[in-house]
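First up is the structure itself, then whatever we jot down about it.
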Amino acid sequence: DGGITQSPKYLFRKEGQNVTLSCEQNLNHDAMYWYRQDPGQGLRLIYYSQIVNDFQKGDIAEGYSVSREKKESFPLTVTSAQKNPTAFYLCASSLLQGTGYGYTFGSGTRLTVV
Amino acid sequence: KQEVTQIPAALSVPEGENLVLNCSFTDSAIYNLQWFRQDPGKGLTSLLLIQSSQREQTSGRLNASLDKSSGRSTLYIAASQPGDSATYLCAVKKGGGNKLTFGTGTQLKVEL
């Protein structure tokens, strides 16, 4: 079945560590996105990519980095510069053309600073 | 800047009741609007997508409507069940771009 796989489901980070969240899709979607979700707040866009080897900052990119070396993969690194990384992270993908196509989301990664 | 608001923030209803969730957006130049469901600790599941040229979409007990000119969408759930308990999110895609802007959601609880 086609879909988006995020791993790990739970991740614990020590102060000063960089951690990488994985996102893989087999939907042949062009675009991929990373969102952060905090209690009581809507989803906020971190980074997005519409094509391999290209990506753009979203609304809250500081302290995060991404790469898009393959169409299927869009990993997110939470760096030590992100001061409040504890949150639920969601990856999504979509086609680029056509009004009839929406987003597909993964199951999320919960990151906790210990 | 597009802003999306969902009212109410939380809703508790008895099983079997028909209910309406509301979503409003400030910029009517949208490409489409998507309704999602999120269970606690889970990702988002797409329920319905309404293109900008459409007025409504239906799937089973769910019906979503779109009024672009007034910047509103409603999600109608018929004959609610305890399994419908979840957070419902609406999101709009602006014309000319692919980014979604999300509302903060309505947390629904359907009680026996």
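By convention in this document, chain letters (A, B, ...) are assigned in the order of the sequence lines, proteins followed by strands, and residues within each chain are numbered from 1. Excluded from the calculations below are hydrogen atoms, water molecules and symmetry mates; all remaining heavy atoms, backbone and side chain alike, are included.
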Same cluster or not: Leu66(B) versus Leu21(B), using hydrophobic residues (I, L, V, M, F, W, Y) connected whenever any side-chain heavy atoms lie under 4.5 Å apart? yes
How long is the span from the OG1 atom in Thr104(A) to the CG atom in Leu44(B), to the nearest 0.5 Å? 11.0 Å
Are Phe74(A) and Leu21(A) linked, directly or through intermediate hydrophobic residues, by side-chain heavy-atom contacts shorter than 4.5 Å (ILVMFWY only)? yes
Please say yes or no: joined through hydrophobic side-chain contacts below 4.5 Å, possibly via intermediate residues, are Leu76(A) and Leu11(A) part of one cluster? yes
Tyr33(A) and Leu100(B), any side-chain heavy atoms less than 4.5 Å apart: no
What do you reckon, is CZ of Arg61(B) surrounded by more than 12 foreign heavy atoms closer than 6.0 Å? yes
Treat each ILVMFWY residue as a node, draw an edge where side-chain heavy atoms are under 4.5 Å apart, and state whether Ile50(B) and Leu62(B) are in one component. yes
Portion of Gln38(B) that has a non-hydrogen atom of chain A nearer than 4.5 angstrom: side chain
Which bit of Leu90(A) comes within less than 4.5 Å of chain B, counting heavy atoms only: side chain, backbone, both or neither? side chain
Determine whether the aromatic ring centres of residues Phe36(B) and Tyr103(A) are separated by less than 6.0 angstrom. no
Roughly how far apart are Gln37(A) CD and Thr104(B) OG1, rounded to 0.5 Å? 10.5 Å
Is Leu45(A) close to Lys99(B) at the side-chain level, that is, under 4.5 Å between some pair of heavy atoms? yes
Would you kindly confirm whether Phe102(B) and Trp35(B) end up in one hydrophobic cluster when ILVMFWY residues are joined by side chain heavy atoms under 4.5 Å apart? no
To the nearest 0.5 Å, how far apart are NZ in Lys9(A) and NZ in Lys42(B)? 4.0 Å
